[in-house]
Amino acid sequence: MNNSMGINVGNLRNKRIAVGACYFVPGVVFASWASRIPDVKELLHLSNGQLGSVLFAIPIGQLLMMAFSGILVSRFGSKKMLMLSEFLYAASLFAIGLCDNVLRLIMALVALGMMANLMNIATNTQACYLEKLYGRNIMSSFHGMWSLGGFAGGIIGALFAGTLLSVSVHFTSVLVASVIIVALCFRNLVSESLAEAEDEDVPKFSFRSVDPTLILLGVMGFGGMFCEGTVYDWSSVYFLTVVKPDAAFIRAGYIAGM
């Protein structure tokens, strides 16, 4: 059975698995960082105020990259940019594990934020291409893979912390696994030539044509991200310093949130 472009259903399934894996991997990478924030905080002797300032480095990196991500994906293709950004995203996590002072940590987090933005554009572009090939809505399943990766990464982080292995060992292991998975996925991602054959004419963007309802949706999205960011960045620290459960349950709040 083939779709409108003559692509075998088995090949489509392989492409869906590959794109899904490229959502799953960054979920694991981000959760690996989030689950070890208390350990990094203790290693660098950061106060809550200092940690809050340091965590601001990630959105700064995302904002710095926002103006360039679309241009890079359009010029070099989402397939290449997805591979590059996922490799560098995992490498940024690895760099965090090697940081021995606040300045280096901030630089590594800025890089993590920059690659997160580029990766988001590239992965969602791939998902849009594949959704067109499928001819039905499948985007939510890919976003679900990111959440599943975050859930798995939280558990992995708890296991590494429970074995008292260092943050650097944990992040190195995640880097190696991420590189292997992403490299295996490359050949099955949607090529730009195939995607262009499915392109549709899209009206030129204009602020005058924006439905005011989108502004409300943007505010709702901001509120959701505000809550999510609080859980991601502070739940483990809160459990460590306020709830003070057994060591095995310090990451339980983050995992429950995911």
Side-chain angles (χ1 to χ4, degrees), residues 18-37 40 51 53-99 102-129 142-143 145-150 152-154 156-157 167-168 170-186 189-190 192 221 225 228-229 232-233 254 258:
V19 174
C22 287
Y23 275 85
F24 181 85
V25 166
V28 173
V29 171
F30 181 80
S32 297
W33 152 245
S35 66
R36 300 307 293 267
I37 288 176
V40 174
L51 177 62
S53 299
V54 167
L55 292 175
F56 197 57
I58 294 179
I60 287 176
Q62 292 175 323
L63 288 171
L64 288 174
M65 197 65 186
M66 194 173 293
F68 305 103
S69 295
I71 297 173
L72 290 172
V73 170
S74 297
R75 180 167 183 178
F76 298 104
S78 59
K79 187 174 180 179
K80 292 179 180 178
M81 288 298 100
L82 178 54
M83 290 297 98
L84 177 64
S85 60
E86 294 228 359
F87 286 144
L88 294 180
Y89 190 60
S92 299
L93 177 73
F94 170 74
I96 291 172
L98 301 179
C99 293
V102 175
L103 179 59
R104 290 180 180 177
L105 177 60
I106 290 174
M107 293 174 63
L109 290 175
V110 168
L112 190 75
M114 293 177 69
M115 289 305 103
N117 185 267
L118 177 58
M119 181 178 58
N120 284 339
I121 300 299
T123 49
N124 283 299
T125 300
Q126 280 284 309
C128 287
Y129 287 160
F142 293 127
H143 291 169
M145 287 299 294
W146 187 92
S147 296
L148 184 62
I156 293 169
V167 173
S168 60
H170 176 189
F171 290 175
T172 300
S173 301
V174 173
L175 169 64
V176 172
S178 298
V179 168
I180 293 173
I181 294 172
V182 172
L184 290 174
C185 291
F186 180 75
L189 293 178
V190 183
E192 304 304 314
M225 291 302 294
E228 285 186 7
Y232 297 159
D233 294 343
Y254 176 84
M258 292 304 301

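What you see is a predicted model; the values in this text were computed from it and never measured.
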Could you go through residues 109-121 and list every donor-acceptor pair under 3.5 Å that involves a side-chain atom there, pairing it with any protein atom two or more places apart or in another chain?
from   : atom 1 : to     : atom 2 : distance (Å)
Asn117 : OD1    : Ser69  : OG     : 2.5
Asn120 : ND2    : Ala116 : O      : 3.2

Not counting sequence neighbours, which residues clear ring pair (Phe, Tyr, Trp, His ring centres under 6.0 Å) with Phe94? List them please.
-> none

Would you compute the distance between atom [atom1] of [X] and atom [atom2] of [Y] and round it to the nearest 0.5 angstrom?
{"X": "Phe186", "Y": "Cys22", "atom1": "CZ", "atom2": "SG", "answer": "10.0 Å"}
{"X": "Leu93", "Y": "Ser178", "atom1": "CG", "atom2": "OG", "answer": "7.5 Å"}
{"X": "Ile96", "Y": "His170", "atom1": "CD1", "atom2": "NE2", "answer": "11.5 Å"}
{"X": "Leu98", "Y": "Leu105", "atom1": "CG", "atom2": "CG", "answer": "11.5 Å"}

Could you list the residues that satisfy side-chain contact (heavy atoms from CB on, under 4.5 Å) with Leu184, not counting sequence neighbours?
-> Ile180

By side-chain contact (heavy atoms from CB on, under 4.5 Å) - contacts of Ile71 (at least two apart) = none

Please set out all donor-acceptor pairs under 3.5 angstrom arising from side-chain atoms of residues 26-35, sequence neighbours excluded.
from  : atom 1 : to    : atom 2 : distance (Å)
Ser32 : OG     : Val28 : O      : 2.7
Ser35 : OG     : Ala31 : O      : 2.9
Ser35 : OG     : Ser32 : O      : 3.1

Enumerate, atom names and distances included, each donor-acceptor pair closer than 3.5 Å involving a side-chain atom of residues 78-87, sequence neighbours excluded.
from  : atom 1 : to     : atom 2 : distance (Å)
Ser78 : OG     : Gln126 : NE2    : 2.9
Ser78 : OG     : Glu192 : OE2    : 2.9
Ser85 : OG     : Met81  : O      : 2.8
Ser85 : OG     : Leu82  : O      : 3.1

Partner set under side-chain hydrogen bond (donor to acceptor under 3.5 Å, both in side chains) for Thr172, not counting sequence neighbours | none

Results of side-chain hydrogen bond (donor to acceptor under 3.5 Å, both in side chains) for Tyr232 - residues two or more places apart only = Glu228

Pairwise side-chain contact, Thr123 with Phe142, heavy-atom cut-off 4.5 Å (strictly under) | no

Closest non-hydrogen atom pair, Ala91 against Leu175 | N-CD1, 3.7 Å

Between Ile37 and Asp233, what is the shortest heavy-atom contact and its length?
-> CD1-O, 3.7 Å

Does any pair with a residue in residues 102-117 pass salt bridge (Lys or Arg N to Asp or Glu O under 4.0 Å), and if so which ones, sequence neighbours excluded?
-> Asp100-Arg104

